[in-house]
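Below is one structure, written out as structure tokens; comments come after it.
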2 protein chains.
Amino acid sequence: MPRRDHMGPPWWHGRFRGHGYRITVAREAILDVLSQTEEHLSAEDVYLTVHKSYPNVGLTTVYRTLELLVHIGLVFKFDFGDGRARYELSEGPKGTRHHHHLVCTNCGRVIDYTDFIDDEIELLGRAEKGLSDKFNFRITNHLIQFYGLCDRCQKKT
Amino acid sequence: MPRRDHMGPPWWHGRFRGHGYRITVAREAILDVLSQTEEHLSAEDVYLTVHKSYPNVGLTTVYRTLELLVHIGLVFKFDFGDGRARYELSEGPKGTRHHHHLVCTNCGRVIDYTDFIDDEIELLGRAEKGLSDKFNFRITNHLIQFYGLCDRCQKKT
DNA sequence: ATGATAATGGAAACCATTTTCAATAGCAAT
DNA sequence: ATTGCTATTGAAAATGGTTTCCATTATCAT
Ligand SMILES: [Mn+2]
Ligand SMILES: [Mn+2]
Ligand SMILES: [Zn+2]
Ligand SMILES: [Zn+2]
């Protein structure tokens, strides 16, 4: 059941229309799932959740919709090394904050962190300008991940 | 034909032995290919190159060896979004410098850059300490990539 | 040189993601 | 509300990079 704050069309309808995309139940459902979790869902995860409320939405559509959402910048796609893509809303009504990830190379756990984001942002800003000048590369996005051992996995050795 | 600087065993033999791994022709050949290129090779790329000199080395072995090399930290494994893993020597005799990547989201081109590395290193140092304290996460590695449009791809629109 | 066993390669299996294609649904114009 | 155009969809099949199996071979400590 799609959740809209207080009536009125969901916040992302505008962006959809702007790109000439149609608004469908499958897309509503998928965006709804993404906006109601803190986790990093795989396509199948999304599919299974959507499937509970909308059994007639297929996995193919989930893949296609996620692709589309990534394309218009509503969703980030990550590779945490477990062989499947992971998705996360890039922004939201409640305002998902920009963050980066710690990835445990032993158990695969992924931790969100927002610490140092300000420092990072500043560095990224400088880097983006410098790299843009030097390579004439127009930067639109960045990825920062730390790899290592989470607390649980450190004890086991 | 494995290239050793001036006779004597290749520089990485020590690290191999330390992990209890055996030194084989396939492994020598694969490391040799990696140390002679500036590119970001896929497993198949490595296989095809190795195959010229050693037709009896199989693709399976290439995968296994790359996995092993990543495991002992001699090689970095990347996902640039083209559906296959890319590999790069993490260090070398001539000293491959630590660097990060610019990835063109349109044509897939990957550009190495070493600029801002000093600033990054400093930030990373602070971040690693802070994150280590806060999450008790032992950081061993990091990944930084910028996404955007390369010079060529900007003109085309 | 010998033996224990790590390493290998070819074929088959795996499995996340993509492609195909006929049926359906969204929506702008009536 | 109806129509018509076409974007979207789902099921099944295909794809393709990577892994698994297993009998054979090669490495290396002794
Ligand atoms: Mn996250
Ligand atoms: Mn590189
Ligand atoms: Zn862990
Ligand atoms: Zn490009």
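Computed from heavy atoms alone, side chains included, the values below leave out hydrogens, waters and symmetry copies. Below, chain A is the first sequence line, B the second, and so on; all start at residue 1.
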>> Quick check on DNA chain D: between A/Arg27 and A/Tyr47, whose nearest nucleotide comes earlier from the 5' end?
In response: A/Arg27

> What residues, two or more places apart in sequence or in another chain, satisfy ring pair (Phe, Tyr, Trp, His ring centres under 6.0 Å) together with B/Tyr147?
Replying inline: none

> For B/Phe135, which residues count as a ring pair (Phe, Tyr, Trp, His ring centres under 6.0 Å) partner, sequence neighbours excluded?
Replying inline: none

> Transitive ILVMFWY cluster of B/Val25 at side-chain heavy atoms under 4.5 Å: who else is in it?
Replying inline: none

> Would you say the side chain of B/Leu149 lies within less than 4.5 Å of the side chain of B/Thr105, judging by non-hydrogen atoms?
Replying inline: yes

Between [N] atom [atom2] and [X] atom [atom1], what is the distance in whole Å?
| X | N | atom1 | atom2 | result |
| --- | --- | --- | --- | --- |
| A/Tyr54 | D/dT9 | OH | P | 14 Å |
| A/Phe16 | D/dT8 | CZ | C1' | 12 Å |
| A/Asn56 | C/dA25 | CG | P | 9 Å |
| A/Leu41 | C/dA16 | CG | P | 15 Å |
| A/Leu66 | D/dT8 | CG | P | 15 Å |
| B/His19 | C/dA6 | NE2 | C1' | 16 Å |

>> The criterion is side-chain contact (heavy atoms from CB on, under 4.5 Å); which residues satisfy it with A/Thr49, sequence neighbours excluded?
In response: A/Val33

> Can you list the residues that meet the side-chain contact (heavy atoms from CB on, under 4.5 Å) rule with A/Thr114, with sequence neighbours excluded?
Replying inline: A/Arg97, A/His99, A/Ile117

Pairs under 3.5 angstrom, nitrogen or oxygen only, protein versus nucleotides 15-21 of chain D, please.
{"residue": "D/dG17", "atom": "OP1", "partner": "B/Arg84", "partner atom": "NH2", "Å": "2.7"}
{"residue": "D/dT18", "atom": "OP1", "partner": "B/Ala85", "partner atom": "N", "Å": "2.9"}
{"residue": "D/dT18", "atom": "OP2", "partner": "B/Tyr63", "partner atom": "OH", "Å": "2.4"}
{"residue": "D/dT18", "atom": "O5'", "partner": "B/Tyr63", "partner atom": "OH", "Å": "3.3"}

>> Whether the B/His40 and B/Glu88 side chains hold a donor-acceptor pair (N or O, under 3.5 Å, no angle test) is what I'd like checked.
In response: yes

> Going by the side chain to side chain donor-acceptor pair (under 3.5 Å) test, which pairs reach into residues 120-131 of chain B, not counting sequence neighbours?
Replying inline: A/Asp119-B/Arg126, B/His100-B/Glu120, B/Tyr113-B/Glu120, B/Glu122-B/Arg126, B/Lys129-B/Asp133

> Bend across the helix from C/dA1-D/dT30 to C/dT30-D/dA1, to 10°, with axes taken over 5 pairs at each end?
Replying inline: 50°

Output side-chain donor-acceptor pairs under 3.5 Å for residues 61-80 of chain A, partner residues at least two apart or in another chain, one line each.
{"residue": "A/Thr65", "atom": "OG1", "partner": "A/Thr61", "partner atom": "O", "Å": "2.8"}
{"residue": "A/Asp79", "atom": "OD1", "partner": "A/Gly81", "partner atom": "N", "Å": "2.9"}

Can you give me the N/O atom pairs linking the protein to nucleotides 27-30 of chain C at distances under 3.5 Å, or say none if there are none?
{"residue": "C/dC27", "atom": "OP1", "partner": "A/Ile23", "partner atom": "N", "Å": "2.9"}

>> Suppose the criterion is salt bridge (Lys or Arg N to Asp or Glu O under 4.0 Å): which pairs have a residue in residues 47-57 of chain B, not counting sequence neighbours?
In response: none

>> Holding to salt bridge (Lys or Arg N to Asp or Glu O under 4.0 Å), I want the full list of residues that pass it with A/Glu39, two or more places apart in sequence or in another chain.
In response: none

